[in-house]
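The structure appears below as structure tokens.
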Amino acid sequence: MVKITVVKTKAYADQKPGTSGLRKRVTVFQQNQHYAENFIQSTISVVEPAVRQESTLVVGGDGRFFMKDAIQLIVQIAAANGIGRLVIGQNGIMSTPAVSCVIRKIKAVGGIILTASHNPGGPSGDFGIKYNIASGGPAPEGVTNKIYDISKSITEYHICPDLKVDLSKIGKQTFEVDTFKPFTVEIVDCVEAYAEMLRGIFDFPALKELLSGPNHIKVNLDAMHGVVGPYVKKIVCEELGSPANSAVNCVPSEDFGGHHPDPNLTYAADLVKTMKGGEYDFGAAFDGDGDRNMVLGKHGFFVNPSDSVAAIAANITCIPYFQKTGVKGLARSMPTSGALDNVAKALKMALYETPTGWKFFGNLMDAGKLSLCGEESFGTGSDHIREKDGLWAVLAWLSILASRKQSVEDIMKDHWKKFGRNFFTRYDYEEVNSDAASKMMKDLEAAMSDKSFVGKKFSSGDKTYEVEIADNFMYTDPVDGSVSKNQGLRIIFSDGSRIIFRLSGTGSAGATIRLYIDSYEKDPQKINQEAQVMLAPLVDIALKISQLQENTGRTAPTVIT
Ligand code: G16
């Protein structure tokens, strides 16, 4: 019989989940007494006591430092709170999309994902705890606010300190816990259920032909030492026949090899370099927890994530899943470029514009209004689960290549010819002083609210833009009517070009300012130009209007996408 202990604790005021769960430095979780325990108890407390005994929670993480300690705490606290069953990935490993898949498949009440996504790991890196609900999607604000409220007033937590599980052994382990029914922990293969799902979505024989048939293409997939490695190995290499050396950095490591597991042009520089060499036809990188993806064509041709979802939408019939389900609607987050809107308009599909955060897509999917969506932050996915899905996006692209028999670059260039091109860039200013960042945003919003701002003209070089709309983006959920305010400052010009500023909700220290620029061009003479060149005047105007340099002391961004 395992005993339950009630531990007195003191509440912390800073456990408000951000865009995607609670993300902090590992040291914050480790050094502050009961910090992790408090948050885990607050999270489990949102599962109604009356249903706990019959409930299953799925648990998995991206393999980062402190994950295994956190999983043992989750096991001990879940048992002491009367949760009936936990399903955990072997060695704690399970990608974010796979957790979403398993929650849905086994009808779990929810899941806990241990990840700080694309943020660095290791003892001095970041850690994160995120709660997903029964739909398989990230908890909506109503639930995360509840977790936060509980965390602010918590005085004790319940734990079974002597209960230890062997995370390496696949199978069931059962424990007698005090007055509760037996508590079960089931350790599962992390790939199996997810691979089974993908087989039902894509044409695996066609993908196998593409990757290992007589006229196969060569791919290079970089798991960046994150969780997606085992999935790439099993699905792309073992099952679809791509050679073993087409997958790199596939062993999850606690510190991601000392790198940022962030699939963008800066942090996935090795892949970019390999692809520029010209040996491979298709390249992709994933983030720590496997929900983000970056797609590159031969010679390093970069597919902007906003374009990626638009291209998948335009070629959606290449994916058998959508032939079965039809396309209910498309969606993008507000800062994502309008490339998807052009496809939606041409193909007469509904288009939704949501705030940043995958959770906003979930309601639309559950209501049968949304099939395919994407974000500029390297997230692409569909209603097959309720998380963005890196490997799904790669198989979606490979399905398009298999069916169109063209290169990535040709597919994108054809796309721009047909729909016009949204030039897009994002500048990230990471770990800026929080006060300076808030002041910049406040001053900018004040300037934008001035009556004379709309109609104002701004020039840079030979370009002049006139402000048509200036606001702080607000979203009313079309399904439940909930309102999300302050979702980013938008300056929209009369030609449709947009400058957007927002503060990231996923950083763990200081503030990250994101500047997004989106500008549409349909002149065939101009669509193949360099994005950074095309957008330089708008970047210049954005920096002037925001006084970013004066406010933050930063003369250049940390990352340019
Ligand atoms: C999370 C969310 C995404 C969001 C991204 C960026 O991704 O799931 O929907 O776009 O954060 O957020 P921010 O701009 O606030 O940093 P992930 O991959 O970090 O879980």
Side-chain angles (χ1 to χ4, degrees), residues 16-24 61-62 64 95-97 99-100 111 113-121 125-132 136-141 144 224 226-228 256 260-264 267 285-294 305-306 308-309 331-337 353-365 373-381 385-390 393 426-432 437 441 473 475 484 486-489 500-516 557-559 561:
K16 185 174 171 54
T19 310
S20 209
L22 181 72
R23 287 185 194 166
K24 301 275 179 199
D62 61 10
R64 69 179 58 228
S95 75
T96 292
V99 171
S100 184
I113 309 179
L114 294 318
T115 176
S117 186
H118 51 291
N119 297 6
D126 286 352
F127 189 71
I129 303 179
K130 172 178 161 188
Y131 184 59
N132 280 29
E141 267 166 26
T144 53
M224 296 183 81
V227 73
V228 97
F256 307 105
H260 284 242
D262 196 353
N264 60 35
Y267 296 126
F286 307 92
D287 70 339
D289 62 326
D291 55 359
R292 297 183 177 206
N293 75 95
M294 175 173 76
S306 303
S308 177
V309 64
R332 62 165 173 85
S333 64
M334 182 275 283
T336 303
S337 92
E353 183 182 35
T354 62
T356 295
W358 204 262
K359 57 193 170 201
F360 292 101
F361 296 133
N363 261 3
L364 296 167
M365 290 178 179
C373 50
E375 292 186 286
E376 48 64 40
S377 54
F378 295 88
T380 328
I385 52 170
R386 295 295 180 271
E387 288 278 6
K388 53 190 185 277
D389 190 342
R426 185 176 103 178
Y427 280 33
D428 296 332
Y429 299 83
E430 294 173 345
E431 293 191 28
V432 168
M441 293 295 281
F473 182 62
Y475 177 68
S484 303
N486 300 320
Q487 297 298 321
L489 300 177
I500 294 147
F501 279 97
R502 58 177 281 284
L503 296 181
S504 157
T506 59
S508 61
T512 294
I513 300 172
R514 302 206 195 285
L515 158 62
Y516 314 79
T558 335
V559 177
T561 298

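Note that ligands are numbered from 1 as they come in the structure, with each ligand's atoms numbered from 1 the same way.
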task = Return the set of residues passing side-chain contact (heavy atoms from CB on, under 4.5 Å) with Leu503 (not counting sequence neighbours), or none when no residue passes.
result = Ala437, Met441, Ile513

message = Would you say Thr380 and Asn293 are linked by a side-chain donor-acceptor pair, where the criterion is simply a distance under 3.5 Å?
response = yes

Arg292 with Glu387: basic N within carboxylate O range, under 4.0 Å = no

inquiry  = Students should find this: residues with any non-hydrogen atom under 4.0 Å from ligand 1. What is the answer?
reply    = Thr19, Ser20, Arg23, Ser117, His118, Asp287, Asp291, Arg292, Thr356, Gly357, Trp358, Glu375, Ser377, Lys388, Arg502, Ser504, Gly505, Thr506, Arg514

key: Backbone of Ser117 reached by a side-chain donor or acceptor of Thr115 within 3.5 Å   = yes

request  = Decide, yes or no, whether a salt bridge links Arg23 with Asp126 under the criterion of side-chain N to carboxylate O below 4.0 Å.
outcome  = no

message = Any carboxylate oxygen within less than 4.0 angstrom of a Lys/Arg side-chain nitrogen, looking at Glu375 and Arg332?
response = no

